[in-house]
Colleague: 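Quick one: this structure, given as structure tokens, is what I'll be asking you about.
Being a predicted model, the structure only gives us computed values, none of them experimental. Atoms considered below: every heavy atom in the structure, side chains included; atoms not considered: hydrogens, waters and symmetry mates.
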Amino acid sequence: MNETIIYPLLAIIAFILYKKYTQYKVLKLVPSLLEEGGQIIDVRTKSEFISGSKEGSINIPLHSLKAKMNELDNTKPIIVCCASGSRSALARRLLITNGFENVHNAGVWSSLLKF
């Protein structure tokens, strides 16, 4: 393989490994975040949420999050999730940009089922 293919592939692999590692770190924190009164916010669409979700999670689709932020308790941890981790990453950034401090991206909602 030539260098024009290898370097982009290495960058993609590094990004995927970093994403998985950061989500792993958040998942280790979930039990303590829930003990602190953490809120699980599922930012998938309503139809995705209805097809399966973590019991006790709140569905606020990503496109509605900015309008519904006032419904969230900023004094407690917020754990965001979605189908792949991409929308929840955007949701985390949006919340932090709007003054929320204790926000964690758990990635895939199904990974929260064990808690």
Colleague: Please report the closest heavy-atom contact between Ser53 and Leu113, naming both atoms and the distance.
Modeller: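 Smallest heavy-atom distance, with atoms named: O-CD2, 4.1 Å.
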Colleague: Quick one: does any side-chain atom of Lys54 pair with a main-chain N or O of Phe115 as donor and acceptor, under 3.5 Å?
Modeller: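 Yes, because the side chain of Lys54 sits within donor-acceptor range (under 3.5 Å) of the backbone of Phe115.
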Colleague: What's the verdict on side chain to side chain contact (heavy atoms under 4.5 Å, CB included) for Arg44 and Arg87, showing C-alpha distance, side-chain angles and the deciding distance?
Modeller: CA-CA 8 Å; Arg44 296 177 298 150; Arg87 285 176 283 181; 3.9 Å; yes
Colleague: Take Glu35 and Val30 through the test side chain to side chain contact (heavy atoms under 4.5 Å, CB included) and record every step on the way to the result.
Modeller: CA-CA 9 Å; Glu35 285 177 18; Val30 167; over 6 Å; no
Colleague: Nearest 0.5 Å, please: how far is CZ in Phe15 from CG in Leu10?
Modeller: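 Result: 15.5 Å between the selected atoms.
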Colleague: Side-chain heavy atoms under 4.5 angstrom apart, residues restricted to Ile, Leu, Val, Met, Phe, Trp, Tyr: same cluster for Ile96 and Ile79?
Modeller: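 Different clusters: Ile96 never reaches Ile79 through Ile, Leu, Val, Met, Phe, Trp or Tyr contacts under 4.5 Å.
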Colleague: In Å, rounded to the nearest 0.5 Å, how long is the span from CG of Leu90 to OG1 of Thr97?
Modeller: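 The distance works out to 10.5 Å.
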Colleague: Spell out, as yes or no, whether a donor-acceptor pair under 3.5 Å connects the side chain of Glu36 to the backbone of Pro77.
Modeller: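 No; zero donor-acceptor contacts below 3.5 Å.
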Colleague: Quick one: does Asn98's side chain get under 4.5 Å of Lys66's, heavy atoms only?
Modeller: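 Yes, side chains in contact.
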Colleague: Are any non-hydrogen side-chain atoms of Asn102 and Ile78 less than 4.5 angstrom apart?
Modeller: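 They are not in side-chain contact.
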Colleague: Group every Ile, Leu, Val, Met, Phe, Trp and Tyr by side-chain heavy-atom contacts under 4.5 Å, then state whether Val43 and Leu94 land in the same group.
Modeller: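 Val43 and Leu94: one cluster.
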Colleague: Carefully, step by step, assess His104 and Leu33 under the rule side chain to side chain contact (heavy atoms under 4.5 Å, CB included).
Modeller: CA-CA 9 Å; His104 307 271; Leu33 295 171; 3.6 Å; yes
Colleague: Write down the atom of Leu27, the atom of Ser111, and the distance for their closest heavy-atom approach.
Modeller: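 What the structure gives for the nearest pair is CD2-OG, 3.6 Å.
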Colleague: If every non-hydrogen atom of Gly107 is compared with every non-hydrogen atom of Asn105, which pair is closest and at what distance?
Modeller: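 Here Gly107 and Asn105 meet closest at N-OD1, 2.8 Å.
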Colleague: Is there a path of hydrophobic side-chain contacts, each under 4.5 Å between heavy atoms, that joins Leu112 and Ile58?
Modeller: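 No.
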Colleague: How far apart are the closest heavy atoms of Val80 and Ala91, and which atoms are they?
Modeller: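 Smallest interatomic distance, heavy atoms only, reads CG1-CB, 4.3 Å.
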Colleague: Please lay out, stage by stage, how Glu48 and Trp109 fare under the test side chain to side chain contact (heavy atoms under 4.5 Å, CB included).
Modeller: CA-CA 11 Å; Glu48 287 176 296; Trp109 72 271; over 6 Å; no
Colleague: When you group the ILVMFWY residues by side-chain heavy-atom contacts below 4.5 Å and let the links chain together, are Leu62 and Phe49 in the same group?
Modeller: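 No, Phe49 and Leu62 fall in different hydrophobic clusters.
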Colleague: Tell me whether Asn59 contacts the main-chain N or O of Asp42 through its side chain, where contact means a donor paired with an acceptor under 3.5 Å.
Modeller: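 Yes; judged by distance alone, with no hydrogens or angles, the pair exists.
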Colleague: Mind checking the CG-OH spacing from Leu17 to Tyr24? Nearest 0.5 Å is all I need.
Modeller: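 Spacing of CG (Leu17) from OH (Tyr24) equals 14.5 Å.
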Colleague: Determine whether Lys19 and Ser86 make a side-chain contact, defined as any pair of heavy atoms from C-beta on separated by less than 4.5 Å.
Modeller: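 Sidechains of Ser86 and Lys19: in contact.
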Colleague: Enter the distance from Tyr7:OH to Ile12:CD1 here, rounded to the nearest 0.5 Å.
Modeller: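 If I round to the nearest 0.5 Å, the distance is 15.0 Å.
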Colleague: Can you tell me how far the CZ atom of Arg92 sits from the SG atom of Cys81, to the nearest 0.5 Å?
Modeller: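 Reported to 0.5 Å precision, the distance equals 14.5 Å.
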Colleague: Is Thr22 reaching over with its side chain to a backbone N or O of Tyr18, donor-acceptor style, under 3.5 angstrom?
Modeller: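 A pair under 3.5 Å: yes.
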Colleague: If you measure from OG on Ser88 to CD1 on Ile40, what distance do you get to the nearest 0.5 Å?
Modeller: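 Rounded to the nearest 0.5 Å, the OG-CD1 separation comes to 12.0 Å.
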